[in-house]
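Comments concern the structure below.
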Amino acid sequence: MPGKITFTMVKPEATTSGLAAKILSMITDSGFRIIALKMIRLSKEQASAFYEVHKDRPFYNDLVEYMISGPVIAAILRKDNAVEDYRRMMGATDPAKADEGTIRKLFATSIQSNAIHGSDSDENAITESNFFFPEIERFY
Ligand code: CMP
């Protein structure tokens with residue numbers, strides 16, 4: 001597969017406030033190709049499992065409740081250096097610390113409601129992509 005993948009989600013507050021199309025066009029304008037895409041409302045079990053790595057953190061329960069509060073838009077993105085380039089474009093987890101022009105600086109409302117998720121490593125990009133998308137729903 002030429003290029004690498006990363007996984008992203010437009011989180012509930014950004015999806016329900018109509019920001020998804022704007023965010024997806026920023027993504028494709030920056031040279032990422034969307035190879036899988038769906039809108040879905042996660043169950044509590046799915047959100048808990050997706051963020052299991054954070055289960056001992058004080059924000060875990062609130063994070064799960066937030067992630068099931070509305071629909072998300074999940075996507076697999078392909079580009080050379082996808083994980084690192086997308087993290088740069090996404091900005092810091094806390095929008096107050098995010099660089100100007102990043103998606104979170106532009107659209108996030110708090111450290112929890114931070115507009116989008118993006119994979120933090122190539123390994124997690126594969127795990128997270130597999131969580132949402134079977135091969136038949138991917139278009140390389
Ligand atoms: P994300 O990149 O999806 O990965 C874990 C999520 O947990 C993060 O974005 C935030 O939505 C949330 N999160 C991380 N740190 C905190 C925090 N200190 N307080 C509340 N939520 C947090």
Side-chain angles (χ1 to χ4, degrees):
M1 189 202 326
K4 289 273 180 75
I5 60 165
T6 191
F7 171 80
T8 189
M9 254 190 298
V10 182
K11 295 187 177 184
E13 99 279 10
T15 301
T16 53
S17 58
L19 294 169
K22 214 174 277 183
I23 291 172
L24 290 173
S25 80
M26 278 179 76
I27 288 170
T28 52
D29 286 350
S30 300
F32 293 88
R33 208 154 75 70
I34 296 170
I35 65 168
L37 184 71
K38 70 172 70 162
M39 189 167 182
I40 181 177
R41 186 167 189 165
L42 295 171
S43 68
K44 190 162 192 168
E45 291 68 32
Q46 287 171 316
S48 304
F50 185 84
Y51 280 115
E52 198 179 2
V53 64
H54 296 304
K55 70 176 185 309
D56 296 327
R57 308 288 287 275
F59 58 80
Y60 179 68
N61 288 340
D62 287 346
L63 174 62
V64 169
E65 289 303 319
Y66 160 61
M67 290 302 297
I68 65 173
S69 67
V72 299
I73 292 177
I76 305 175
L77 310 176
R78 196 176 107 186
K79 184 182 187 294
D80 287 340
N81 214 29
V83 168
E84 197 183 324
D85 287 1
Y86 192 62
R87 288 186 75 74
R88 193 173 313 114
M89 185 181 169
M90 185 163 65
T93 305
D94 181 353
K97 297 180 183 148
D99 290 338
E100 291 299 328
T102 59
I103 295 174
R104 283 172 170 161
K105 182 71 175 186
L106 288 166
F107 304 121
T109 56
S110 71
I111 192 165
Q112 175 182 268
S113 302
N114 61 356
I116 52 170
H117 167 81
S119 307
D120 63 6
S121 65
D122 288 343
E123 190 188 349
N124 282 338
I126 291 167
T127 305
E128 292 172 359
S129 296
N130 290 344
F131 190 94
F132 280 86
F133 296 102
E135 277 301 320
I136 197 171
E137 294 180 12
R138 300 181 191 199
F139 303 91
Y140 297 102

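All ligand and atom numbering here is 1-based and tracks the order in the structure. None of these values were measured; they are calculated from a predicted model. Quick note: residue numbers are just sequence positions, from 1.
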Practice prompt. Using the ring of Phe132 (Phe, Tyr or Trp, six-membered ring only), decide whether Lys38 places NZ or CZ under 6.0 Å from its centre and within 45 degrees of its axis.
Written response: no
Worksheet item: When you measure from the side chain of Tyr60 to the backbone N and O of Ser48, does any donor-acceptor pair fall under 3.5 Å?
Response: yes
Worksheet item: Got a donor-acceptor contact below 3.5 angstrom from the Gln46 side chain to the Ser43 backbone?
Response: yes
Worksheet entry | Ion pair Glu135/Arg138, N-O distance below 4.0 Å | yes
Discussion item. Filter on side-chain hydrogen bond (donor to acceptor under 3.5 Å, both in side chains), then keep only pairs touching residues 9-18, sequence neighbours left out; what's left?
Written reply: Lys11-Asn114, Glu13-Tyr66
Worksheet item: Does Arg41 use its side chain to pair, donor to acceptor, with the backbone of Ile68 at less than 3.5 Å?
Response: yes
Worksheet entry | Amino acids in close contact with ligand 1, where any non-hydrogen atom sits under 4.0 angstrom away | Lys11, Tyr51, His54, Phe59, Leu63, Thr93, Arg104, Ile111, Gln112, Asn114, His117
